[in-house]
Protein chains: 2
Amino acid sequence: MKITIKDVARMANVSVSTVSRVINNSPTVGSDIRQRVLDVLEATQFRPNAIARTLVKNNSSLIGVLLPEIKNNVLDDMVEGINQVARLYGYDVVIALSGGNAESELHYYNLFREMQASGIIVSASGIRDSLFELIEASQIPCILVGRDFREKSIPSVHVDNVSAAYEAVTYLIQQGHRDIAMLRGAQGDISAGNHRFQGYEQALTAAHLPVRAERVLESALSVEEGAASMRKLYESGPLPSAVFCATDRIAIGAMNFLAEIGVKVPEQVSFFGFDDIDMTVIIRPKLSTVRYSASELGMVAARNLIKLIRGEELSAFHWSVSHQLKIRDSIARLK
Amino acid sequence: MKITIKDVARMANVSVSTVSRVINNSPTVGSDIRQRVLDVLEATQFRPNAIARTLVKNNSSLIGVLLPEIKNNVLDDMVEGINQVARLYGYDVVIALSGGNAESELHYYNLFREMQASGIIVSASGIRDSLFELIEASQIPCILVGRDFREKSIPSVHVDNVSAAYEAVTYLIQQGHRDIAMLRGAQGDISAGNHRFQGYEQALTAAHLPVRAERVLESALSVEEGAASMRKLYESGPLPSAVFCATDRIAIGAMNFLAEIGVKVPEQVSFFGFDDIDMTVIIRPKLSTVRYSASELGMVAARNLIKLIRGEELSAFHWSVSHQLKIRDSIARLK
DNA sequence: TTACTTTCAGAAAACCTTTTCTGGATGTGC
DNA sequence: GCACATCCAGAAAAGGTTTTCTGAAAGTAA
């Protein structure tokens, strides 16, 4: 049998209202009675039913975070950032994992809605249009993370993927590379990959280099898929002099494949990654990559979501987080 | 203004009870009226308030998962496993991240309690005694994962860390190693590390080898800490011929440190890891390690938690999940 | 037709809090 | 001693849903 506020009231010989007032630190209760209630509270280890409280207050103080998966190393830091500012403002954050599955995605988004979450943060890699429509239709505060959605009607925070990719590829060009391939994310699935591809395109074009379709391969984000894509590239003709990868994991898989067949990095092929996960400095050669702060991503998202919840004015509708190139050992300078 | 079941009832010209019955597929409503309600439901996109429902049903169908962090690669697979069976049985799973912080740990555990979660799964690495007492005191179904708690009163599922470590270290001994160091997790913090250390001790003792305190170093679970511990070991005297590490991440960090100072693995020092994360086959030499199925861990936990929730008889109180040695290139055979 | 059962929808209670409203007791100013 | 304000605690309403209870209408058997 679960203990309720009624039980506490009975045991302390006061009304339920009084108990509630003590729990919520209302000053309008005498110190002797307050102490009596406090004692019972302590003795019973009573925790108020948040469900009932949310119902009457019509406010859950809950922020839902919807992620596709967590293997992706950057998400841990991001959630950490969200947690940090959310807790500061008195919100709790709970996470749901969609497994990258459209049905799950909708299910958990709706769960957050039904749980009366105050707001929702959606990690946008892999997000489907169906979820989009739902977000736009429902009036619950929501922020997208990790994907550049300048064109859309939902506020978002992201790395400026286009610029970052542009800078990375331009660096490769400056090092003398002319035949630069790209291992991008799957076309429809991850929009960050799309934007990184745009940056790649723009950099080549700006340098009057051709963008050749056979030099651009799709790959899922995993190490294994990176290796598979690299194999395809290898088998399809002469090796490019450099490869720009949509994520570090793809790059690591690709480099590993080359190592196994005896191709030397960076002597024969140079590599550029994206994300700066911890393994970039473990593998040999150390991977050059684009670094950004995932926790900052989370903090900006949480901060603005809370503004949205409170009905405050937003300073902007889309924010980006700074990035920088980390040049390490995976790039050869061509004369 | 939020739309409620009352609004739907009014619009369909029926009572709220009838709407509720339609939503919950009660057969006791005529087909013409049902259709009328269904139409309004469709038109309004109404979602019942889960908060109110939980309050009256006294059943949330929610499983809370409390994790220290998610950078640890195995947790993703574990949650995947939990999700899979939970959804099968009609439960939703939400995750909270404690950041390995005692206060957060209690906070989120209590949040799950207050949210009337049907059950809770706690990933036990890093768990504090305060949380323990709380779990034992509250009568809400709970299962511990990832740590061997045979001695405790809370049901748990885990890898048999003692045996697995015993087998790994015994393998090293069979390969001719006599001076085997261990990089274990921090003493109090991670109990899996404790049990893995026990296995290490037992294997040495069984082979009549001494367990020398200066050969056992504590290390947090990260790559960076693994490197730091290895540096300490290196500076404290002659190198051991083999190192058994409590996790792959520690091993990877340690091996990387040796690579940087020019010590050859496995020629000069052999390595054994634990977890079989994806990077074990990427680094050179490929790391020998202990493999187990994290998703199985999650599935067993979820399955038994649901039994507990339903009040069914448990087949056991502690379960273990199978493991196997993955022998790769990080171990030299000594003559 | 009568008496009875069956079908189906509405009324109302219940779930557990918070909060407004009410009113009794006490204190204050004249 | 009276009018009034102040303080504090209890009563009750509210929040949105589910479910039991009730009862009207329709159907069935004699």
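Within every chain, numbering begins at 1; the chains are lettered A, B, ... in the order of the sequence lines, protein sequences first and strands thereafter. Because the structure is a prediction, the values reported are computed rather than measured. Quick note: numbers below take in every heavy atom, side chains included, and nothing from hydrogens, waters or symmetry partners.
- When rounded to the nearest whole Å, the span between CG of B/Asn59 and P of D/dT17 equals 17 Å.
- Rounded to whole Å, atom P of D/dG15 lies 22 Å from atom CE of A/Met115.
- For the pair B/Met115/A/Thr54, no side-chain contact is recorded, criterion being any heavy-atom separation below 4.5 Å from C-beta on.
- Following rounding to the nearest Å, A/Arg36 (CZ) and D/dC8 (P) show an atom-to-atom distance of 15 Å.
- Close to C/dG10, at under 4.0 Å from its OP1 or OP2, lies a side-chain N or O of B/Thr18.
- Between A/Asp7 and A/Phe46 there is no side-chain heavy-atom pair separated by less than 4.5 Å.
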Would you tabulate the nitrogen or oxygen pairs shorter than 3.5 Å linking the protein to nucleotides 15-18 of chain C?
residue	atom	partner	partner atom	Å
C/dC15	O2	B/Val56	N	3.4
C/dT17	OP1	A/Asn49	N	3.3
C/dT17	OP2	A/Ile5	N	2.7
C/dT18	OP1	A/Asn24	ND2	3.2
C/dT18	OP1	A/Arg53	NE	3.0
C/dT18	OP1	A/Arg53	NH2	3.0
C/dT18	OP2	A/Ser20	OG	2.6
C/dT18	OP2	A/Asn24	ND2	3.4

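- In this structure, NZ in A/Lys2 is found 11.5 Å from CZ in A/Arg47, a value given to the nearest 0.5 Å.
- Looking only at side-chain heavy atoms (C-beta outward), A/Val157 and A/Ile143 come within less than 4.5 Å of each other.
- For the pair A/Ile33 CD1 and D/dC7 C1', the computed distance is 12 Å after rounding to whole Å.
- Shortest non-hydrogen contact noted between A/Ile95 and A/Phe112 is C-CZ, 4.3 Å.
- Heavy-atom minimum distance, B/Pro155 versus B/Cys142: CG-O, 3.6 Å.
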